Amino acid sequence: MQIASWNVNSLKVRLPQVLDWLRENPVDALALQETKLKDENFPVEALRDAGYAAVFAGQSAYNGVAVLSRSPITAVRTGLPGFDDPQQRVLACTIGPLRLINLYVPNGQSVDSDKYVYKLDWLARLRDYLQAELAEHPHLAVVGDFNIAPDDRDVHDPAAWAGQVLCSEPERKALQVLLDLGLTDSLRLHESAGGIYSWWDYRMMAFRRKRGLRIDLVLVSAALATLCEESRIDATPRGWERPSDHAPVIARFRNLS
DNA sequence: ATGGTCGTCTCACGA
């Protein structure tokens, strides 16, 4: 089984690229973030024609998450329990033996912003949710745009980014609290090198200059980690015409149909 | 040089 996650920064704009990418990379499931679509505008038919069922939780202009799957999707839940938030950032579902949680973690804007306070509060609530989901689902993958670079290997210029949003200690500690529940950053199961990025700012030709961050992650439970054969980032679509600022991340599991 | 570029409900804001 192969799964992927991609912050598309508007599915309306990026739908042709998603369809092109799926033709080349026919993953079993694809989690999308920043769809920026109301549910009534979600391109259900185009994706069905491409062989994918879809579940989605969207809103106008901002946020929005979706999961596409070649096999049926069940047990769908949106949002964080006990947190009545209009921002659509969380979508959990079951696909065969896999429990998948798709996240668009708040960006936080800057460490002195009230959005940063919201981000850390949101991550604390997420911890409790993931703890409950892990207790119920041994084969759990938590994927998405975490808006946190786990460590300095994941940052093109750690000195410039030190203490900044996406790299600050409180954010990294909040991510570590999630990992301490029994989750593993799947890319690090197979790769210890730095310089592997999933996001490049649109400005200053950051992609061409290889100035990126790795903030899009596939976290896996212990049982899933033993089955994980591969975890990588496909930077190709970032080089396409009119790209998303994020690249898709992919993980493959054996003995998981 | 405190900018730069995207996408959106576009002359403002979020990323």
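Side chains are part of it too, since the values below use all heavy atoms of this structure and drop only hydrogens, waters and symmetry mates. Being a predicted model, the structure only gives us computed values, none of them experimental. Per chain, numbering begins at 1; letters A, B, ... match sequence-line order.
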Looking at A:Asn147, is its backbone amide N or carbonyl O close enough to the side chain of A:Tyr104 to form a donor-acceptor pair, meaning the two atoms are under 3.5 Å apart?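 No, A:Tyr104 side chain to A:Asn147 backbone: no donor-acceptor pair under 3.5 Å.
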Within the 4.0 Å heavy-atom criterion, would you say A:Phe207 contacts the bases, only the backbone, or no part of the nucleic acid?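 Result for A:Phe207 = nothing.
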Take the protein atom [atom1] of [X] and the nucleotide atom [atom2] of [N], then report the distance between them rounded to whole Å.
{"X": "A:Lys36", "N": "B:dC13", "atom1": "NZ", "atom2": "P", "result": "16 Å"}
{"X": "A:Asp145", "N": "B:dG14", "atom1": "CG", "atom2": "P", "result": "17 Å"}
{"X": "A:Trp199", "N": "B:dG7", "atom1": "CH2", "atom2": "P", "result": "15 Å"}
{"X": "A:Gln87", "N": "B:dT8", "atom1": "CD", "atom2": "P", "result": "17 Å"}
{"X": "A:Tyr62", "N": "B:dG14", "atom1": "OH", "atom2": "P", "result": "6 Å"}
{"X": "A:His246", "N": "B:dC6", "atom1": "NE2", "atom2": "C1'", "result": "11 Å"}
{"X": "A:Glu34", "N": "B:dC13", "atom1": "CD", "atom2": "C1'", "result": "13 Å"}
{"X": "A:Met205", "N": "B:dG4", "atom1": "CE", "atom2": "C1'", "result": "9 Å"}

Judged by each residue's nearest nucleotide on DNA chain B, which is more toward the 5′ side, A:Lys38 or A:Asn107?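 Whichever sits nearer the 5' end wins; that is A:Lys38.
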Here's a test of your reading of the structure: between A:Val13 and A:Asp245, which maps to the more 5' nucleotide of DNA chain B? A:Val13
Side chain to side chain, [X] and [Y], heavy atoms closer than 4.5 Å:
{"X": "A:Leu37", "Y": "A:Pro43", "value": "yes"}
{"X": "A:Trp200", "Y": "A:Arg211", "value": "no"}
{"X": "A:Asp234", "Y": "A:Val249", "value": "no"}

I need the full list of side-chain hydrogen bond (donor to acceptor under 3.5 Å, both in side chains) pairs touching residues 67-77 of chain A, with sequence neighbours left out, sorted by first then second residue.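 Non-adjacent pairs meeting side-chain hydrogen bond (donor to acceptor under 3.5 Å, both in side chains): A:Tyr52-A:Arg70.
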Quote, to the nearest angstrom, the [atom1] distance that separates [N] from [M].
{"N": "B:dA15", "M": "B:dG4", "atom1": "C1'", "result": "14 Å"}
{"N": "B:dC6", "M": "B:dT10", "atom1": "C1'", "result": "12 Å"}
{"N": "B:dC11", "M": "B:dA1", "atom1": "P", "result": "32 Å"}

Distance test, side-chain N/O of [X] to OP1/OP2 of [N], below 4.0 Å:
{"X": "A:Ser10", "N": "B:dT8", "answer": "yes"}
{"X": "A:Arg14", "N": "B:dG7", "answer": "yes"}
{"X": "A:Lys12", "N": "B:dG7", "answer": "no"}
{"X": "A:Arg242", "N": "B:dT5", "answer": "no"}

Once you measure the plane-to-plane angle for A:Trp199 and A:Trp161, does it fall in the parallel (<30°), tilted (30-60°) or perpendicular (>60°) bin?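 Perpendicular: the ring planes of A:Trp199 and A:Trp161 meet at over 60°.
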Could you check A:Asp20 against A:Arg14 for salt bridge (Lys or Arg N to Asp or Glu O under 4.0 Å), going step by step and ending with a plain yes or no? CA-CA 10 Å; A:Asp20 285 349; A:Arg14 233 65 69 187; over 6 Å; no
Against A:Val65, only a single residue in A:Leu91, A:Thr35, A:Thr78 fulfils side chain to side chain contact (heavy atoms under 4.5 Å, CB included); can you say which? A:Leu91
Out of B:dG4, B:dT8, B:dT5, which has the shortest distance to the side chain of A:Met204?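 From the listed options, B:dG4 comes nearest.
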Dot-bracket for DNA chain B: what is it, with Watson-Crick or G-U pairs under 3.5 Å, [ ] where a pair crosses earlier ones, and | for a pair to another strand? ....((((...))))
